[in-house]
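Numbers here simply count residues along the sequence, with the first being 1. Predicted model, so just to flag it, every value in this text is computed and none were measured.
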Amino acid sequence: MSSTPVIGVLALQGDVREHLVALAAADAIARPVRRPEELAEVDALVMPGGESTTISKLAVLFGLMDPLRERVAAGMPVYGTCAGMIMLADKILDGRDDQETVGGIDMTVRRNAFGRQNESFETAIPFRGLAGEPVNGVFIRAPWVEAVGAGVEVLAEVPAADGPESRIVAVRQGNLLATSFHPELTGDHRVHEYFVRMVTGS
């Protein structure tokens with residue numbers, strides 16, 4: 001791979017343009033991906049937010065689900081935000097019975113855990129591995145991580161609204177990264193820069 005990686009953005013639903021802009025700002029070559037042949041041409045992939053059941057159905061419809069699973073199993077770096085986090089989860093709570101995921105991260109994710117659209121919020125989040133101020137997390141019908149396996153690194157948490165414990169909102173396992181929130185909406189590209197460093201090994 002060259003020092004400038006080619007990173008795709010799964011362009012089935014969600015904040016595709018915003019991720020393309022953030023990746024370009026993080027010194028990557030960014031391309032939309034809708035077809036298996038486009039997936040084959042990228043070094044890594046971002047899975048945006050949206051509606052996870054719709055993204056799952058569209059991935060099957062466009063013939064992407066099996067190639068995505070194969071690339072993840074082969075070690076392709078992937079970053080999932082919000083619904084993309086759900087797509088990378090091995091287990092889902094409150095999902096549809098027929099909902100499929102790509103999987104790859106040994107975690108259990110609860111869909112829409114932070115509430116409905118009108119309960120969206122922003123909060124400052126300390127993010128392990130990022131220098132400077134906390135990340136501004138934008139949560140829109142966001143999931144949270146209920147449980148992780150031994151191989152999963154927890155990168156960020158927020159205080160629970162209903163008790164003393166915290167909710168996990170960012171994780172990494174090997175080449176896979178996932179956040180409950182939407183850094184592409186904030187103008188702060190540090191999480192995308194973190195992902196680009198994962199891709200390049202720098």
Side-chain angles (χ1 to χ4, degrees), residues 1 5-16 19-20 22-23 26 28-93 95-96 98-111 129 143 145-155 168-180 182-184 191-192 194-202:
M1 186 196 314
V6 178
I7 301 180
V9 178
L10 189 65
L12 302 178
Q13 194 192 43
D15 300 326
V16 176
H19 277 293
L20 291 170
L23 287 167
I29 298 169
R31 296 176 179 171
V33 169
R34 294 184 185 87
R35 300 176 180 84
E37 56 268 29
E38 294 169 339
L39 177 65
E41 295 174 351
V42 300
D43 301 312
L45 186 72
V46 171
M47 292 187 189
E51 213 295 311
S52 59
T53 55
T54 301
I55 293 172
S56 172
K57 289 178 180 179
L58 289 173
V60 172
L61 183 66
F62 279 76
L64 279 165
M65 187 64 82
D66 287 339
L68 280 169
R69 288 171 175 157
E70 290 166 7
R71 290 293 306 273
V72 167
M76 177 181 69
V78 181
Y79 171 33
T81 61
C82 198
M85 168 184 266
I86 296 169
M87 291 292 290
L88 287 175
D90 285 346
K91 297 178 183 177
I92 306 175
L93 301 176
R96 291 170 58 110
D98 60 348
Q99 185 167 353
E100 295 187 61
T101 72
V102 174
I105 298 181
D106 183 12
M107 64 179 174
T108 301
V109 169
R110 185 175 295 280
R111 290 180 69 242
V145 180
E146 291 263 333
V148 296
V152 178
E153 180 185 3
V154 174
L155 298 175
I168 300 170
V169 295
V171 297
R172 177 179 177 179
Q173 183 173 6
N175 283 330
L176 304 178
L177 175 70
T179 62
S180 300
H182 294 268
E184 76 280 3
V191 177
H192 289 81
Y194 179 96
F195 181 59
V196 170
R197 290 196 300 273
M198 284 175 53
V199 177
T200 60
S202 60

Test [X] against every option in [options] by the side-chain contact (heavy atoms from CB on, under 4.5 Å) rule and name the one that passes.
X: V171; options: L155, I105, T179, D106; answer: I105
X: L45; options: V72, V33, V199; answer: V33
X: L10; options: L64, L58, V46; answer: L64

Could you give the distance from [atom1] ([X]) to [atom2] ([Y]), rounded to the nearest 0.5 Å?
X: I92; Y: E100; atom1: CD1; atom2: CD; answer: 10.0 Å
X: Q13; Y: E51; atom1: CD; atom2: CD; answer: 6.5 Å
X: I29; Y: L20; atom1: CD1; atom2: CG; answer: 12.5 Å
X: M65; Y: K57; atom1: CE; atom2: NZ; answer: 11.5 Å
X: H192; Y: L177; atom1: NE2; atom2: CG; answer: 9.5 Å
X: R110; Y: I86; atom1: CZ; atom2: CD1; answer: 11.5 Å

Minimum side-chain heavy-atom gap [X]-[Y] below 4.5 Å:
X: V6; Y: E41; result: no
X: M47; Y: L68; result: yes
X: R111; Y: S52; result: yes
X: D43; Y: P77; result: no
X: Y79; Y: I7; result: no
X: E146; Y: V109; result: no
X: Y194; Y: P183; result: no
X: C82; Y: P143; result: yes

If you take all heavy atoms of [X] and [Y], which pair is closest and at what distance?
X: G50; Y: I55; value: CA-CD1, 4.2 Å
X: A30; Y: L23; value: CB-CB, 3.9 Å
X: V78; Y: F195; value: C-CE1, 3.6 Å
X: H19; Y: P48; value: CD2-CB, 3.7 Å
X: V16; Y: A11; value: CG2-CA, 3.6 Å
X: V169; Y: M85; value: O-CE, 3.8 Å

Could you tell me whether a side-chain N or O of [X] sits under 3.5 Å from a main-chain N or O of [Y], the two making a donor and an acceptor?
X: R172; Y: G174; answer: yes
X: E184; Y: A22; answer: no
X: R69; Y: T101; answer: yes
X: D90; Y: M107; answer: no
X: T81; Y: G49; answer: yes

| CZ (R34) with more than 12 external heavy atoms under 6.0 Å |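 No, CZ of R34 has 12 or fewer neighbouring heavy atoms, counting only those of other groups under 6.0 Å.
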